[in-house]
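Every value quoted in this text rests on a predicted model; they were computed, and no experiment measured them. Excluded from the calculations below are hydrogen atoms, water molecules and symmetry mates; all remaining heavy atoms, backbone and side chain alike, are included.
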Amino acid sequence: MSIYVIDDHPLMRDAIVMVLRRLRPAENIVELERLDKLAGAVKQHGAPDLFCLDLKLPDTTGCSGVMAVKQAYPAVPIAVYSASPASDMEEACIEAGADTYIEKSASSAELTAALRGLLMADSDVEEPALASNSKLSKRQTQLIAMLDKGMSNRDIATELEISEHTVKVHLWRLFRRLAVKSRTQALHYARTNGLLSTNS
């Protein structure tokens, strides 16, 4: 298995690779500058375990790179990173098939946490609970309120005008943020720690 880092900017690519080598010292990490080299690289280096994909590549437009990778390798997680603020592109990237969106302005600790989350998604490794001085994102606060109303993934998708896949990704990230594994645990944590608005 190999991790593929696809980015035409050497400095950013080096930063991603450095973090991955700390997280997975024994993993084979393949660096590419363009998406059109991916198929040949997979034949040479083996099946992908994770994709780290720059949103803007010389041979992609918008989210086309994310969609192409997801179509070719539907079961492999994709971490997208971009200079664009999350508020501009995150939702579109997740709709296209990405599992996480990382701003290039993110700190090394934030980058490490995001990549560790994908690499350990199928393991039972416990993440530290949400620090008391940390805040949920606006979207995560919305989700907590919707869970409190008993809304299903389909209901949430309809209300927010996003796909059920995107709802699942947001919930997965919320559960990791709270260090819980279910809706019930998330709601219990939210009520216990005052994350639910009392006037909602």
With a cut-off of 3.5 Å and sequence neighbours excluded, list every side-chain donor-acceptor pair involving residues 15-27.
| from | atom 1 | to | atom 2 | distance (Å) |
| --- | --- | --- | --- | --- |
| Arg24 | NH1 | Glu27 | OE1 | 3.0 |
| Arg24 | NH1 | Asp49 | OD2 | 3.2 |
| Arg24 | NH2 | Leu119 | O | 3.0 |

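Residues forming a side-chain hydrogen bond (donor to acceptor under 3.5 Å, both in side chains) with Asp155 (at least two apart in sequence, or on another chain): Ser152. Legend: residues meeting side chain to side chain contact (heavy atoms under 4.5 Å, CB included) with Ala68, ordered by chain and number and at least two apart, are Leu35. Partners of Arg13 under the side-chain hydrogen bond (donor to acceptor under 3.5 Å, both in side chains) rule, at least two apart in sequence or in another chain, are Glu31.
Pairs of residues two or more places apart, or lying in two chains, that qualify as salt bridge (Lys or Arg N to Asp or Glu O under 4.0 Å) and include a residue from residues 101-115 are Asp54-Lys104. Note on residues 73-90: pairs passing salt bridge (Lys or Arg N to Asp or Glu O under 4.0 Å), not counting sequence neighbours, are Glu90-Arg173.
A pairwise comparison of heavy atoms in Tyr101 and Pro85 identifies OH-O, 3.8 Å as the closest pair. When all heavy atoms are compared, the tightest approach of Met67 to Ala96 is CG-CB, 3.6 Å. In plain terms, the two heavy atoms of Met89 and Ser84 that are nearest each other are CG-CB, 3.7 Å. The two residues Val76 and Pro48 have their closest heavy-atom pair at CG2-O, 3.7 Å. Counting all heavy atoms, side chain and backbone alike, Pro77 lies closest to Leu50 at O-CD1, 3.5 Å.
Between Tyr73 and Phe51, the gap from one ring centroid to the other is short of 6.0 Å.
Tyr189 and Ile144 fall within the same hydrophobic cluster, defined by Ile, Leu, Val, Met, Phe, Trp and Tyr side-chain heavy atoms under 4.5 Å apart, directly or through other members.
A distance of 13.0 Å separates CG in Asp7 from CZ in Arg34, rounded to the nearest 0.5 Å. Met146 CE to Ile156 CD1: the interatomic distance, rounded to the nearest 0.5 Å, is 6.5 Å. Atoms NZ and CG, on Lys43 and Leu38 in that order, are 11.5 Å from each other to the nearest 0.5 Å.
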